[in-house]
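Computed from a predicted structure; not experimentally measured. Along the sequence shown, the residues carry numbers beginning at 1. Both counts, for ligands and for their atoms, begin at 1 and track the order of listing.
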Amino acid sequence: MRPSRAVLNFTHKCAMSCDWCYVPFGTPPPTLVMVNRIISRIAELGFNSITIGGGDPFQYPFISDALRHANSSGLFVHVDTNGRNLRQSATNLSLIEEAVDLIGLPLEGSKSQIHGQMRNSPNHFDLVCRRVKWLSKLRDRLKINTVVSALNANNMLELGELMKIIAPARWSLYQYWPLGPAIRAATKHSINDSEFAECTSILTATTKNSNFTLEINNRESRRESYPIIHHDGKIFVHRAFPFSEFTSLGNIFDSNALHLINSTCSGERPQTISRYSTRKQNAMI
Ligand code: SF4
């Protein structure tokens, strides 16, 4: 199966400094012209969905144009943000309503202290809660992302209770993965496969009748599944071995880019297929 989704990551900078961030920052700033060319190329190569992330995409004033371009290119538009630059304005709410199919915000703990420890940011929990409240009328496209590590694993039950109140469309759990720069946090955050499986299987039981989809992503499931394209056009995938590195696949504008992607990436993992078959595709039926 060929991948139907491409990730576009801004690798310039981020205002936060999460220890376990896998994005290798330091690329020169992005331009709208280049970002829109990459989006057009992703659509031209036959991808159905795009996930836009990296350092907060909303830190760039041009992001509204890029999101609208992705939407009008026929892509299912998923954007992940830490929320810091996502101002609670009527303009941004309209933008999301018009051009974004799925918006991801992070929560790593049920309380400010745990989330703040995970994100190295004491006030970020309150900010995310404000953004969640502001987006309440768009809950059908809200996704909460949680990195699960040794530091917050024993808070998952309480976080599950908070999810029942927030009621996002989807709650995605990600096993901490010492990928790329994230390896610096291995001592603090490593959680082995059986510990991750144990804490997430309890959640499967306790959130069974909740009004959100629980999505569990262990480290293995994400390897070599989709291309990650940096805002300068370079393509990377998570490497199967060694598991902490990326494989470079050249540039999205190379004539053999699609061939390399299709021969390296296995496609969407089973637990995420339903993420990208919601609002836009339903509207087209
Ligand atoms: S995980 Fe997200 S918020 Fe944290 S440093 Fe990386 S891009 Fe920024």
Just by modelled atom types, is the Ile166 backbone N or O under 3.5 Å from a matching donor or acceptor in the Arg139 side chain? yes
Using a 6.0 Å distance limit plus a 45 degree cone around the ring axis, check whether Arg2 lies over the aromatic ring of Phe47. yes
Asn9 and Thr11 side chains, donor-acceptor separation under 3.5 Å: no
Who's the nearest protein heavy-atom neighbour of atom 2 (Fe) of ligand 1, and how far? Arg119 NH1, 3.9 Å
Can you establish whether the number of heavy atoms outside Glu158 located under 6.0 Å from its atom CD is more than 12? yes
Return the set of residues passing ring pair (Phe, Tyr, Trp, His ring centres under 6.0 Å) with Tyr176 (not counting sequence neighbours), or none when no residue passes. His189
Where Cys14 and Gln59 come nearest, the two heavy atoms and their spacing: CA-NE2, 4.5 Å
Atoms named by residue and atom, protein N, O or S, within reach of atom 8 (Fe) of ligand 1 (under 2.8 Å): Cys14 SG
Test the Arg219-Phe196 pair against the cation-pi criterion, namely NZ or CZ under 6.0 angstrom from the six-membered ring centroid and within 45° of the ring axis. no
What atoms of ligand 1 come within less than 4.0 Å of a heavy atom belonging to Phe25? 7 (S)
